[in-house]
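What follows is a single structure, written as structure tokens, with notes after it.
Quick caveat, the model's predicted, so the values are computed rather than measured. Any value given below was found using the heavy atoms of this structure, including those in side chains, with hydrogens, waters and symmetry copies removed. Order of the sequence lines fixes the chain letters, A, B, ..., with proteins taken first and strands second; residue numbering starts at 1 for each chain.
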Protein chains: 2
Amino acid sequence: MEQVVARQGEGRRVRIYDIARHAGVSATTVSAMLTGKRPVSAATRERIERSIATLGYRANASAKALAHGRTDSIALLIPPAGRSLSAFEVDFIARVVQQARASDYDVLVSTSLEEEKVFARLVEEERVDGIILLEVCFEDRRVERLVESGTPFVAVGRTADPRQISWVDIDFSSLVRSFVRHLRDLRHEDLVLVNTPRPLYDRGYGPARRAQSGFLDACEEFGVRGRVVYCDANPEAGFRVTSEILADDPSFTGLVVMNDYAIGGIYQALTLGGRRIPHDTSIISLADARWADALSPRLTAAPQPVDEMAVTAVRLLTAKLADPALPPEGHLILPPVTLRESTAAAPIRVAARAPERPR
Amino acid sequence: MEQVVARQGEGRRVRIYDIARHAGVSATTVSAMLTGKRPVSAATRERIERSIATLGYRANASAKALAHGRTDSIALLIPPAGRSLSAFEVDFIARVVQQARASDYDVLVSTSLEEEKVFARLVEEERVDGIILLEVCFEDRRVERLVESGTPFVAVGRTADPRQISWVDIDFSSLVRSFVRHLRDLRHEDLVLVNTPRPLYDRGYGPARRAQSGFLDACEEFGVRGRVVYCDANPEAGFRVTSEILADDPSFTGLVVMNDYAIGGIYQALTLGGRRIPHDTSIISLADARWADALSPRLTAAPQPVDEMAVTAVRLLTAKLADPALPPEGHLILPPVTLRESTAAAPIRVAARAPERPR
DNA sequence: CTGTTAGCGCCTTCAC
DNA sequence: GTGAAGGCGCTAACAG
């Protein structure tokens with residue numbers, strides 16, 4: 001009774017038996033035709049198709065899942081890095097959803113931080129066939145649990161030792177190195193890395209860790225001074241942190257920013273502090289194009305390789321679902337950083353110029 | 001065989017029968033205890049709970065759905081308004097996911113534009129119990145189909161005649177009226193509405209339609225000149241459109257913008273055109289706080305009422321799922337527009353000042 | 001090529 | 001308070 005009430009619009013739903021009866025065949029044959037798992041004569045096919053067209057039929061997903069042992073759904077686990085999702089995370093969701101649909105998977109999105117509950121519901125209740133896990137840290141309990149349970153998954157980001165798992169990650173280290181080199185080429189000699197919030201770094205958040213080590217190494221390699229500050233993910237924090245370094249030690253002329261939401265505040269503090277971007281101070285970041293373009297002057301930015309990340313993640317996962325014996329695979333992605341003055345259509349916006357003050 | 005291979009980590013999954021055997025009761029009793037649908041003696045309860053704790057058990061979602069007739073999932077249908085999701089849409093996803101989880105629902109996200117396929121998969125295959133539909137237009141085929149099929153749903157946005165459906169919407173008309181009044185109070189006498197892309201308007205996109213009529217009515221009411229331009233959802237288009245009106249008829253001093261992604265370009269064109277925001281030109285918009293804060297100077301903005309929209313949408317839907325007989329309900333939300341000079345913590349940022357040039 | 005039989009794992013009668 | 005039987009709708013294994 002309850003099911004019937006739930007769908008008040010039509011009477012009862014059309015089931016595979018209705019089609020079978022209407023077409024004068026058995027349910028098995030209908031199923032066989034639909035799944036294509038065994039040959040069906042042209043004549044029967046014709047009749048079944050006509051019946052389906054007449055009555056309107058779609059196999060019930062729950063029944064299919066129960067019988068077939070797969071839900072044709074995957075889950076996307078995104079614990080929000082900040083208070084809300086970053087532009088990257090957003091685009092990533094959209095792209096994964098799109099890509100998954102192309103492989104005939106639905107996507108269940110979870111942004112919860114309560115790993116236990118999410119895990120129980122999605123994995124233990126077998127709501128999904130596989131998982132894409134975001135914001136993976138050096139030591140990540142979620143990864144451990146997924147490995148234990150044998151659930152197919154792909155990590156976006158890496159653990160400290162990712163050899164046993166499939167992952168996709170950005171090569172933050174090389175990327176930041178190219179940022180530093182670029183700023184050095186513009187004759188900057190004193191740089192600041194505005195990193196993610198401190199707690200994220202401490203938690204072993206990959207981008208924060210790898211960007212920082214890449215930055216410090218590159219500064220040494222290229223013979224420029226480099227220091228690191230941490231900053232909460234909001235404009236107010238960006239303003240505060242930047243004001244502080246302007247007050248404490250204003251010798252810097254270039255900033256590398258790993259913190260999208262702080263950038264607005266950083267701009268404001270610099271401007272109020274008498275800096276003129278890009279004439280005496282340069283900012284460069286891995287950022288969403290929408291941010292980079294909305295800022296004035298435009299931010300020097302490497303575009304987030306969202307598409308490649310998302311497509312690769314889905315591809316790795318669906319491959320593993322199709323063949324669970326597949327060995328784990330890691331993909332390191334370096335955004336195409338061709339740092340140069342560019343038009344709006346080009347991948348990189350360069351607002352940075354040579355510093356004037358250091359002279 | 002295949003199912004077993006799919007979960008390589010552990011042997012076979014623990015099922016309700018395993019618990020029953022382990023506890024020395026029948027599966028019926030275990031189920032009864034878990035669903036709480038009939039009394040179970042304290043002693044049996046104890047034993048079952050111990051067995052569950054020992055073996056680890058969670059009811060399989062597909063089997064439950066098949067037997068019980070509900071999936072405990074809802075779908076969020078977001079056709080991207082522009083090339084990618086807007087900040088509002090993003091936050092909306094996150095908030096809906098969170099809120100749905102609080103009511104014990106999972107959320108399937110779809111960003112596909114191919115309504116037919118999405119509809120077939122989610123509704124006809126009964127993957128979800130209900131739907132939240134975004135970007136609803138005046139005439140919306142998706143709404144018609146959902147009504148026909150009797151699927152419980154909530155529209156975010158309204159059709160031209162929304163009396164038969166449940167919906168949540170922003171009161172764009174009143175909102176834009178308050179924008180116009182604010183600009184008039186700042187002594188602006190010549191305004192431009194930079195609206196959504198023309199195709200969206202033509203398609204009967206509610207925010208575009210209602211903002212525009214609200215704008216034109218308000219201009220008449222407050223005795224200021226007002227014209228409307230359409231603009232694609234990207235900075236380049238914003239730049240182009242603004243440059244054009246600066247060239248054609250530069251008498252305007254205030255802009256009302258209904259197009260997040262264009263704002264960066266609008267700022268740039270105005271600046272290049274010699275305008276100084278906010279000294280001689282004011283911009284006001286319904287925008288994400290992250291945008292408003294990232295711009296320099298900060299944008300005058302009413303915050304997107306994301307939370308209220310999302311929470312209301314989920315509430316309406318879950319209520320309807322619990323009791324399908326519930327009558328449809330509409331909610332019109334007016335963002336709290338207390339337009340004033342503000343600090344960073346206040347809901348509204350006012351960068352706008354009285355125009356100087358009109359003097 | 002097709003139909004019959006037997007589950008998938010759970011919930012829901014109906015008996016006791 | 002508890003158990004046995006049947007069904008949700010579909011697919012897989014086994015016969016023909």
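In this structure, CG of B:Leu34 is placed 16 Å from P of C:dG9, rounded to the nearest angstrom. One interatomic measurement links the two molecules: CD of B:Glu125 to C1' of D:dT11, which rounds to 15 Å at whole-angstrom precision. Atoms CG (A:Asp72) and P (C:dC8) sit 20 Å apart, rounded to a whole Å. Regarding B:Arg70, its CZ atom lies at a distance of 16 Å from the C1' atom of C:dT12, rounded to whole Å. Atom CG of B:Asn60 is separated from atom C1' of C:dC10 by 8 Å (rounded to the nearest Å). Atom CZ in A:Arg15 sits about 16 Å away from atom P in D:dG7, given to the nearest Å. For A:Ile48 and C:dT2, the CD1 to C1' distance is 10 Å, given to the nearest whole Å. Rounded to a whole Å, the CD1 atom of B:Ile19 is 13 Å from the P atom of C:dG9.
OP1 or OP2 of D:dT11 has at least one side-chain nitrogen or oxygen of A:Ser31 nearer than 4.0 Å. Phosphate proximity of D:dA12 to A:Lys37: present, with a side-chain N or O under 4.0 Å from OP1 or OP2. An OP1 or OP2 oxygen of D:dA12 is reached within less than 4.0 angstrom by a side-chain nitrogen or oxygen of A:His68.
Of the charged side-chain nitrogens involved, none lies within less than 4.0 Å of a carboxylate oxygen, so that A:Arg142 and A:Glu115 do not count as a salt-bridged pair. Classification of B:Asp106 and B:Arg101 as a salt-bridged pair fails, no side-chain N sitting under 4.0 Å from a carboxylate O. A salt bridge links A:Arg141 with A:Glu116: at least one charged nitrogen is closer than 4.0 Å to a carboxylate oxygen.
Nucleic acid contact class of B:Ser62 (heavy atoms, under 4.0 Å, all strands): none.
Here side-chain hydrogen bond (donor to acceptor under 3.5 Å, both in side chains) pairs that include residues 22-33 of chain A, with residues two or more places apart or in two chains, are A:Ser26-A:Thr29.
In this structure, the side chain of B:Thr71 engages the main chain of B:Arg127 through a donor-acceptor pair within 3.5 Å. Using a distance-only test at 3.5 Å, with no hydrogens or angles considered, a donor-acceptor pair links the side chain of A:Arg70 to the main chain of A:Leu321.
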What protein N or O atoms touch nucleotides 4-6 of chain C N or O atoms at under 3.5 angstrom, if any, and at what distances?
{"residue": "C:dT4", "atom": "O4", "partner": "A:Thr28", "partner atom": "OG1", "Å": "2.9"}

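Nearest to the side-chain atoms of B:Ile16 among the listed nucleotides C:dC10, C:dC1, D:dT11 stands C:dC10. Taking every side-chain heavy atom of A:Val40 into account, C:dT2 is the closest of C:dC11, C:dT2, D:dT11. Side-chain proximity of B:Ser41 to the nucleotides C:dT2, D:dC8, D:dT2 is greatest for D:dT2.
Atom CD of A:Glu139 sits in a sparse spot, with 12 or fewer heavy atoms from other residues, nucleotides or ligands closer than 6.0 Å.
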